[in-house]
Amino acid sequence: MPATLTSEQNAYEVALRNFDLAADALDLDRSVRAMIKYPERILEVSVPVRMDTGQIVRYQGYRVQHSTTRGPAKGGIRYHPNVTEDEVKALATWMTWKCAVVNIPYGGGKGGVTCNPKEMSLGELERLTRRYASAILPLIGPERDIPAPDVYTNPQVMAWIMDTYSMTKGYPIPGVVTGKPLSLGGSMGRNEATGRGVFYTTASTCEQLGISLKGARVVVQGFGNAGSVAAHLLDSNQAYVVGASDSRGCVYNHHGLDIPKLMMHKERTGTVVGFPGSEPISPAELLTLECEILIPAALENAITEVNAPRVKAKIVAEAANGPVTPEADQIFDEKGIFLIPDILCNAGGVTVSYFEWVQDEQHLFWEAQDVYNRLERVMKTAFQEVFRIHQDRGINMRLAANVLGVGRVAEATRLRGLYP
């Protein structure tokens, strides 16, 4: 995964703190807070897997449904050595507000297995996935909870989950997951959806701030799916991507990296390291490069109070979930750095997941350009709504996004009569 700085910051505590700030800004009463703050369901499962050696290894898995007030739970599944219950709870919480910000009829869910997929064979990953899917079967379904890919999971993993679920019903049910291969009911445009959403919100920000995309310097921390697509779209609009990183290292060229060639180099070698025409720099240096746009597209807690004072970007676009800590947020506010918060910036993925689910349920599929046009409209509308709250209330963009998301979930809860 993309190179990142570690921190002791607990992601779930950050999620709860952000909720409290939004709830205070909305003046929500205690009854509402009690209903919508905490997860509805937390499932912890044991995932025993027969390895290629014949040995049985037990892994820990989780599925969290934070909210189903506005619709089925929606959220990815990640395979990573650092997966914890608190991390999954935080991600599920953020998904609830994210779905509400872009106004799609989902609540937040998330899942994960604590494992290192880089050390597992394809057969081991399939056995892990099917066992995990069997363990969370009581929670998932097209009308209940719809998983999707996340860190170190992909369309093949979704295909295995779909098949495992469908075997229990006796017929194929493509709507149980999104992010599937096209041949199994996946959507055009799903793979690049998160990166496209990052591009649309970044372009909208530049327009509002009077910053020209043409000639803008961009740094991408995490040249994975979201980071590489955002970099490619920005590069296509005449911005200069001067720095990029992944888990193995960072590359830099002050004249701008050739992004199409860098993408091919990454596909061929598995890393950005050693890209011709670039020089290596450290992960710490990458985040503090002179640039107009910084895109943290790695894991949580990449930018903390330790390195935030040295960030020189004008815009920070959170392609990852929770890459900027609350302490770093405050430093950015003081420095006048404009932050596009994760629950807005990277919501393109869940938006096109919603489009995929709709297509599966209708058995009618759209062309790629239809997907792009709908996504652009959703992302730009959400950006304008958050920006309006930011201006009207005089609050930063993260709080504005949380105010919009939490407010919509609170209103849905009130209308359903789920509390006195």
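Atom set for the values below is all heavy atoms of this structure, side chains included, hydrogens, waters and symmetry mates excluded.
The minimum heavy-atom distance linking Gly185 with Phe365 is given by the pair O-CE2, 3.6 Å. For the residue pair Leu294 and Val311, the shortest heavy atom distance occurs at CD2-CG1, 4.0 Å. Annotation for Val32 and Ala410: closest pair CG1-CB, 3.7 Å, computed over non-hydrogen atoms. Residue Val251 comes nearest to Val273 through the heavy atom pair CG1-CA, 4.2 Å, listed as atom of the first residue, atom of the second, then distance. What you find for Ile337 and Ala313 is that their closest heavy atoms are CG1-O, 3.3 Å. When every heavy atom of Ala244 is checked against every heavy atom of Val272, the shortest pair comes out as O-CG2, 4.2 Å.
At a threshold of 4.5 Å between non-hydrogen side-chain atoms, the residues Asn346 and Asn321 count as touching. Residues Ser247 and Lys118 have side chains in contact (heavy-atom distance under 4.5 Å, counting atoms from C-beta outward). The shortest side-chain heavy-atom distance between Tyr79 and Val157 falls under the 4.5 Å cut-off. Taking the side chain as every heavy atom from C-beta outward, His80 and Glu87 never approach each other to under 4.5 Å. Between Trp357 and Pro72 there is a side-chain heavy-atom pair separated by less than 4.5 Å. Within the 4.5 Å cutoff, the side chain of Thr69 has no heavy atoms near those of the Met35 side chain. Taking 4.5 Å as the limit, every side-chain heavy atom of Asn402 sits out of range of all side-chain heavy atoms of Phe19. Contact annotation: the side chain of Lys266 never approaches that of Phe275 to less than 4.5 Å [non-hydrogen atoms, C-beta and beyond].
Ionic pairing of Arg414 and Glu411 is present here: one or more N-O contacts between side-chain nitrogen and carboxylate oxygen are shorter than 4.0 angstrom. Lys37 has a carboxylate O that lies under 4.0 Å from a charged side-chain N of Asp20, or vice versa, which qualifies the two as a salt bridge. Salt-bridge check for Glu385 with Arg408: passed, with a basic side-chain N closer than 4.0 Å to an acidic carboxylate O.
For Asp150 (side chain) and Gly75 (main-chain N/O), no donor-acceptor pair under 3.5 Å exists by modelled atom type. Although no hydrogens or angles enter the test, the distance criterion places a donor-acceptor pair under 3.5 Å between the side chain of Lys74 and the main chain of Ile146. One N or O on the side chain of Thr96 and one on the backbone of Gly108 form a donor-acceptor pair closer than 3.5 Å. At distances below 3.5 Å, at least one donor-acceptor pair connects side-chain atoms of Asn307 with backbone N or O atoms of Ala302. The closest donor-acceptor contact from the side chain of Thr153 to the backbone of Ile77 lies under 3.5 Å. Here the side chain of Glu44 pairs no donor or acceptor atom with the backbone of Glu85 at under 3.5 angstrom. Using modelled atom types, no side-chain atom of Asp342 and backbone atom of Glu318 make a donor-acceptor pair closer than 3.5 Å. Between the side chain of Gln221 and the backbone N or O of Leu286 there is no donor-acceptor pair closer than 3.5 Å. Between the side chain of Lys335 and the backbone N or O of Pro309, at least one donor-acceptor pair lies under 3.5 Å.
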Derivation of the side-chain hydrogen bond (donor to acceptor under 3.5 Å, both in side chains) call for Gln391 and Arg393
CA-CA 6 Å; Gln391 285 189 312; Arg393 290 177 174 258; over 6 Å; no
Given Met263 and Phe223, is the side chain to side chain contact (heavy atoms under 4.5 Å, CB included) satisfied, shown in steps?
CA-CA 9 Å; Met263 293 172 77; Phe223 203 73; 3.7 Å; yes
Verify side chain to side chain contact (heavy atoms under 4.5 Å, CB included) between Tyr372 and Glu192, making sure each step is shown before the conclusion.
CA-CA 10 Å; Tyr372 300 153; Glu192 64 265 34; 2.5 Å; yes
Test side chain to side chain contact (heavy atoms under 4.5 Å, CB included) applied to Tyr132 and Val45, step by step
CA-CA 8 Å; Tyr132 170 70; Val45 297; 4.1 Å; yes
Just do the side chain to side chain contact (heavy atoms under 4.5 Å, CB included) check on Lys312 and Thr288 with the steps written out, would you?
CA-CA 6 Å; Lys312 302 179 183 70; Thr288 58; 4.0 Å; yes
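The environment of CZ in Arg58 is crowded: more than 12 heavy-atom neighbours from other residues, nucleotides or ligands sit within 6.0 Å. Within a 6.0 Å radius of NZ in Lys314, no more than 12 heavy atoms belonging to other residues, nucleotides or ligands are found. The number of heavy-atom neighbours closer than 6.0 Å to CD of Glu361, taken from other residues, nucleotides and ligands shown, is above 12. Atom NZ of Lys261 is surrounded by 12 or fewer heavy atoms from other residues, nucleotides or ligands within 6.0 Å. Heavy-atom contacts from other residues, nucleotides or ligands closer than 6.0 Å to CD of Glu334 number more than 12.
With Tyr106 as the partner, the ring pair (Phe, Tyr, Trp, His ring centres under 6.0 Å) test is satisfied by one option alone out of Trp97, Phe355, Tyr354: Tyr354. With Val352 as the partner, the side chain to side chain contact (heavy atoms under 4.5 Å, CB included) test is satisfied by one option alone out of Thr194, Leu375, Val378: Leu375.
In this structure, CZ in Arg17 is found 14.0 Å from OH in Tyr12, a value given to the nearest 0.5 Å. With values rounded to the nearest 0.5 angstrom, Arg144 atom CZ is found 10.0 Å from Leu137 atom CG. Once rounded to the nearest 0.5 Å, the distance linking OG1 of Thr351 with CZ of Arg190 reads 9.5 Å. Here Arg131 contributes atom CZ and Tyr59 contributes atom OH; the two are 13.5 Å apart, rounded to the nearest 0.5 Å. Atoms CD and CG, on Glu279 and Asn253 in that order, are 7.5 Å from each other to the nearest 0.5 Å. With values rounded to the nearest 0.5 angstrom, Lys110 atom NZ is found 6.0 Å from Arg78 atom CZ.
Taking the six-membered ring where tryptophan is involved, the planes of Phe338 and His390 are perpendicular, since the angle between them exceeds 60° and thus also 30°.
Sorted by first and then second residue, the salt bridge (charged side-chain N to carboxylate O under 4.0 Å, His left out) pairs involving residues 283-293 (not counting sequence neighbours) are Arg217-Glu292.
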